[in-house]
Novice: 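Take a look at the following structure, please.
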Amino acid sequence: MTLAIETTGLVKKYGGITALGGVSLSIPSGDCFGLLGPNGAGKTTLIRILTTLLPPSGGSAAIGGFDVVRESGSVRNVIGVVPQAMTSDLDLTGYETLDIYARFYGMPRKERAERIDELLGLVGLKDRARDLIATYSGGMRRRLEIARGLVHKPLILILDEPTIGLDPQSRHVVWELLEKFRSLDSLTILLTTHYMEEAESLCDHVAIIDYGKIVALDTVEGLKKQIPEKDVLEVTVAGIAAERAVEFAGALPTVTRCLARGDVLVASTGNGAEIIPVMVDGLKNLGAKVTRVVLKEQTLEDVFIHYTGRPIREEEAKKVSFLLGAGIPTRFGR
Amino acid sequence: MRLLAFIERDLRKFARNPIVVGVSILMPIIYLVILGNSFQGELKNLPLAVVDKDAGPYARRAMELLRAIESGTRTVRLTVSPDEEAAMRGLRDGAYKAVLVIPPRWSAEIERSTGPELGLFLDNAETISAQTLEAAIARALPEVRTGFVRIRENRAVPALRRVEIYRKIDYDQTLIPGVVIMAIFLGAMMTGAFNLVMDRFLGVDESYFLTPLTKKDMVVGLVASGLIITTTLALVVLFLGALISGIPLWRMLDARSAMLVLAVIMLSTLGIQGLMFLIMGRIGHPRIVGVLGGFLNVIFFFPSGAIYPVESFPAWLKAFAAVNPESYSVHALRSLFFKGAGIAAVRGDIFFLAGFAALTILAGIFAFKRTL
Ligand SMILES: Nc1ncnc2c1ncn2[C@@H]1O[C@H](COP(=O)(O)OP(=O)(O)OP(=O)(O)O)[C@@H](O)[C@H]1O
Ligand SMILES: [Mg+2]
């Protein structure tokens with residue numbers, strides 16, 4: 001099995017901030033690999049180093065066997081990238097964008113026309129291809145950018161939060177698209193996300209990244225297995241102080257962790273079905289009223305919380321010049 | 001193919017902004033009209049009060065000569081004032097730019113050749129008007145009786161007769177080279193490197209950096225699209241400017257000098273495009289370009305000799321003019337338009353412009369950073 005992407009001890013520092021603190025990854029060809037992390041974890045930084053946009057401060061990375069620093073030109077030929085921010089020229093049409101990009105890769109006219117036609121059909125933009133991108137909705141722009149990333153038939157598709165800012169329908173459309181392209185073009189896909197559901201439904205392998213470090217890496221099933229409590233019990237209670245309820249439920253057998261979210265008790269347990277009657281009766285005896293009980297299978301989110309200790313984190317402010325705002329030579333930070 | 005696709009992108013984007021196209025043609029033309037009418041080559045209608053305390057034959061002769069200026073070149077507008085004090089008050093209030101006092105017994109002194117003097121009081125707060133008036137009066141009055149009239153505080157402009165060695169040129173025609181240069185500057189300002197700044201500002205640059213486009217592709221592509229757009233704009237501005245100021249360029253330029261004009265325009269464009277790359281290569285906010293643009297336009301335009309002759313600049317400004325590409329463009333265009341010059345007269349300019357363009361574009365490629 002050949003490796004599509006390999007990194008060893010990648011480090012990236014922005015002034016005093018360490019955005020990546022030694023990332024080592026091996027992604028086999030044909031894999032769909034998810035990089036899961038909260039805001040500011042360093043996902044975009046990692047992607048930008050892999051896609052030759054940023055030089056690493058330390059370590060090395062290779063894509064399709066090419067070193068991202070020394071052979072950046074070859075790397076750019078084998079990857080297709082959908083950046084996190086929307087990056088299409090608003091005053092071009094969808095068709096023009098795809099055509100111009102295909103020419104950057106030297107695709108001959110006929111091949112270009114066929115590929116663009118195919119892609120526009122797949123992303124459902126055939127009717128709007130001759131309109132300016134300025135008139136597209138966010139979801140349409142995303143789909144166009146996915147098509148743009150694929151126009152030259154890359155071996156490796158890299159997407160940075162491909163569904164950010166999309167509504168649930170559009171998100172599912174994007175997922176379906178990625179599944180489809182994966183089987184059509186036998187792509188290797190690397191995507192970053194902070195939606196657990198996305199990683200769970202698309203990816204073969206998932207790495208959890210936090211504070212610039214990989215804290216866990218496995219298949220989705222494997223990750224779930226790594227934490228002992230396979231069920232999550234959510235019990236909505238009334239008429240009792242939260243601390244008392246947490247204290248009681250946390251002490252029950254097989255419950256490894258319990259916390260209160262508003263009036264909902266959230267308990268992690270190895271055996272939910274058995275613990276439900278015990279918990280409900282016990283809470284009643286304490287004078288509480290139980291209005292709702294939900295038993296869920298452990299999700300990636302719980303795995304995530306298990307490893308990072310929190311569901312999401314506020315992004316730290318980027319360094320921007322006090323004197324000049326964001327419009328500054330990048331050397332002074334951007 | 002990559003390069004052509006990149007150029008096509010720029011051209012398409014530019015064509016989607018017809019207002020920008022219109023404005024960039026209109027602005028230099030408006031400059032021409034406004035400059036042509038505000039800095040008239042010679043000043044006109046400067047109000048001059050004359051207080052005649054002599055009333056002798058030479059005073060009458062002097063008045064006639066001044067009237068001749070008034071109706072001839074119209075440099076002055078005469079007011080005869082019987083009251084010296086009222087005239088001086090008018091001078092201080094700004095009603096007159098100068099007061100000429102003909103003292104009592106002036107004619108008699110001329111007769112006796114005892115060194116007659118006229119009093120000329122000038123509004124020195126406005127140097128240009130003052131100098132013009134002084135020169136006009138000094139030129140006119142010696143004819144009263146040559147060699148006998150002296151003007152007090154005469155900072156002496158000798159009474160030269162103008163000798164014109166070239167075809168008579170109106171002032172707004174002489175502005176044409178400057179206007180073409182301004183069109184080139186404005187064009188270069190909002191194409192080429194400016195697209196880079198906009199791409200960077202909008203974050204679009206990221207998606208281009210992800211493709212096999214090289215540094216050279218990007219810089220050369222942007223310069224090339226800028227060259228196409230700017231040269232076209234400059235030619236349209238030249239054509240319209242010639243129409244407005246009434247120079248029959250198409251009759252004055254033969255095929256050879258037309259080619260030279262085109263070469264000068266293209267080389268000037270390339271030079272300014274390259275310069276913009278050096279300056280804007282790393283700027284990420286269009287507002288900075290806005291601020292810089294106004295500043296750079298003045299910095300390069302006024303010392304180019306487009307309006308005032310380079311020869312009369314102080315030494316330090318002359319030194320700047322010597323490295324200002326716009327000086328060379330103005331000199332070359334002026335020679336080609338008005339002096340019927342051939343390649344020999346503009347060879348130096350073309351060498352300088354070509355060297356400047358090559359240097360700035362190479363430096364631009366070098367300075368351009370193809371990472372975020
Ligand atoms: N140009 C920069 N200068 C300084 N710090 C930066 C820069 N870019 C990113 N950072 C910092 O590096 C860290 C990682 O940022 P990065 O954009 O990689 O996070 P991310 O995982 O993509 O987050 P998100 O989910 O919000 O997109 C953050 O702390 C961020 O503030
Ligand atoms: Mg990110």
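Throughout, protein chains are lettered first and strands after them, A, B, ... in sequence-line order, and every chain is numbered starting at 1. All values below were derived from every heavy atom in this structure, side-chain atoms included, with hydrogens, water molecules and symmetry-related copies excluded.
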Novice: Using a 6.0 Å distance limit plus a 45 degree cone around the ring axis, check whether A/Lys12 lies over the aromatic ring of A/Tyr14.
Specialist: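 Judged by the rule, A/Lys12 and A/Tyr14 form a cation-pi pair.
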
Novice: Taking the cut-offs as 6.0 angstrom to the six-membered ring centre and 45 degrees off its axis, would you call A/Arg148 and A/Tyr101 a cation-pi pair?
Specialist: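 Ring-cation test returns yes.
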
Novice: For chain A, which of B/Gly203, B/Pro286, B/Pro212 has the most heavy-atom pairs under 4.5 Å?
Specialist: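 The answer is B/Pro212.
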
Novice: With respect to chain B, which residue among A/Ile79, A/Val82, A/Asp89, A/Val75 yields the maximal number of heavy-atom pairs within a distance under 4.5 Å?
Specialist: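 Of the candidates given, the most pairs with chain B belong to A/Asp89.
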
Novice: Cation-pi check, B/Arg9 to B/Tyr208: give yes when NZ or CZ is under 6.0 Å from the six-membered ring centre and within 45° of the ring axis, no otherwise.
Specialist: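 Yes; both conditions hold, so B/Arg9 lies above the ring face of B/Tyr208.
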
Novice: Please flag which part of A/Leu132 lies under 4.5 Å from any non-hydrogen atom of chain B: side chain, backbone, both or neither.
Specialist: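 Contact with chain B: side chain only.
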
Novice: Closer than 3.5 angstrom, by distance alone: can the side chain of A/Thr7 be matched with the main-chain N or O of A/Leu10 as a donor-acceptor pair?
Specialist: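 No.
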
Novice: Given heavy-atom pairs under 4.5 angstrom as the criterion, report whether the side chain, backbone, both or neither of B/Asp199 touches chain A.
Specialist: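 Only the side chain of B/Asp199 comes within 4.5 Å of chain A.
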
Novice: Whether A/Arg141 engages the ring of A/Tyr136 as a cation-pi pair (distance to the six-membered ring centre under 6.0 angstrom, angle to the ring normal within 45°) should be assessed.
Specialist: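 So A/Arg141 doesn't make the cation-pi contact.
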
Novice: Under 4.5 Å heavy-atom distance to chain B, tell me which part of A/Thr97 shows up: side chain, backbone, both or neither.
Specialist: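 For A/Thr97, there is no contact with chain B at all, as no heavy atom is under 4.5 Å.
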
Novice: Picking from B/Glu8, B/Met198, B/Arg287, which has the most non-hydrogen pairs under 4.5 angstrom with chain A?
Specialist: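 When all of B/Glu8, B/Met198, B/Arg287 are compared, B/Glu8 has the most.
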
